[in-house]
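Below is one structure; the comments refer to it alone.
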Amino acid sequence: MFARCERVDLLAGQRLTEVALAAVVPEKIGPYEVLERISAGGMAEVYKAKQTGADNFERPVAIKRILPHIARDPNFIAMFQAEAKLAVQLQHGNICQIYQLGRHEDSFYIALEYVDGRDIGAVLDLHQKQGRGVPLPQACYIISRACEGLDYAHNKKSSDGKPLNLIHRDISPPNILISFEGEVKLIDFGLAKAVGSSIQTQAGIIKGKLAYMSPEQVRGAQLDHRSDVFALGIVFFELLTARRLFRRDSDLDTFDAVRQCKIPRPTEFNPAIPPALEQLMLKALARDLDQRYASASAFNEALREFVMSHRMTFRGEQLGTWMRKLFARH
């Protein structure tokens, strides 16, 4: 499920520490042979592992395991299990696949699809250092594929045909992976909420990464699919401008920036952005819900129309080649 990410913890958004990475790596978790630790955070850790079978069968997997000090917390265990049961229903090319929910010794784990690549946060870091945005074709392709994954999840129905009304609630750079083959994958539906879920957010607790929340999310208001559209709009803005939209030096200042929702014109930072694309981005980032795209599908349709009208053909193979060059992978 998780691409290697030495920059930031995919689970909690915290910087990895040498102490965390130096911790003892288990030889096996369940039936999986552990190869290396990918990331570690406050709640869980992620390993690269492999599954083996008859006739030298091998498959790389990612293992997300609850850390021992919270493995006995019944509320977290329930949330972890709910994530697995929810995510296993999502079968789409732009969403990382879950393979198994298991228990090893005194801790639960999830075995997931391993993506050999990087997350968008790593891409943003490189382009910020270079002082330039991601090229238009790459950025449009990435966001379009993310829209497809979101649209699928938003419209997913339960086994009895009832809409799940799923909202991811944590669309952010660490949760969008790009493989070295050019695949775009959404990860970490651990904060997602579906109608009928038995795991409810406690009153007053805001879930998700603050700098990628919608204004209604920081207010604690009722959310719908347009909140995920807004978050994806933030990622799009940052890809094209190499500027963080809402992130400030403190959580309080970041919270206030999201609440005020003052969106600068992207062309102020990147004059190469066409006016039509700028308007498209500003619509995704509209503070007024009724002015925002009603769905990820509507956002994607507008983006595709722009790409076609500007003859901006781009394919997954090209994205893979670009990623390998960007991270010096051959």
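Computed from a predicted model, the values in this text were never measured in an experiment.
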Note to self: Under the criterion side chain to side chain donor-acceptor pair (under 3.5 Å), I'd like the reasoning laid out for N270 against T241: C-alpha separation, chi angles, the key distance, then a yes or no.
What the structure shows: CA-CA 6 Å; N270 184 355; T241 64; over 6 Å; no

Look at [X] together with [Y] and state whether they make a salt bridge at an N to O cut-off of under 4.0 Å.
X: R226; Y: D290; result: yes
X: E148; Y: R145; result: yes
X: R248; Y: D256; result: no
X: E278; Y: K283; result: no
X: E238; Y: R243; result: no

Measuring only between side-chain heavy atoms, which start at C-beta, is [X] closer than 4.5 Å to [Y]?
X: F314; Y: V307; value: no
X: P135; Y: H127; value: yes
X: I171; Y: H168; value: yes

Taking the cut-offs as 6.0 angstrom to the six-membered ring centre and 45 degrees off its axis, would you call [X] and [Y] a cation-pi pair?
X: K50; Y: Y32; answer: no
X: R244; Y: Y212; answer: no
X: R118; Y: F327; answer: yes

Checklist line | Nearest non-hydrogen partners of R265 and Q279, listed with the distance | finding: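 Minimum heavy-atom separation between R265 and Q279: NH1-NE2, 3.2 Å.
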
Next item on the list: To the nearest 0.5 Å, tell me how far I187 CD1 sits from L177 CG.
Entry: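 Here the rounded value is 4.0 Å.
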
Given 3.5 Å as the limit, does a donor-acceptor pair link the side chain of [X] with the main chain of [Y], or not?
X: H104; Y: G30; result: yes
X: N155; Y: D151; result: yes
X: Y152; Y: Q91; result: yes

Next item on the list: Might you work through the side-chain contact (heavy atoms from CB on, under 4.5 Å) test for L67 and E45, ending with a clear yes or no?
Entry: CA-CA 7 Å; L67 290 174; E45 55 193 350; 3.5 Å; yes

Next item on the list: Go through K209 and D170 one step at a time and tell me if the salt bridge (charged side-chain N to carboxylate O under 4.0 Å, His left out) criterion holds.
Entry: CA-CA 6 Å; K209 296 177 181 67; D170 194 20; 3.0 Å; yes

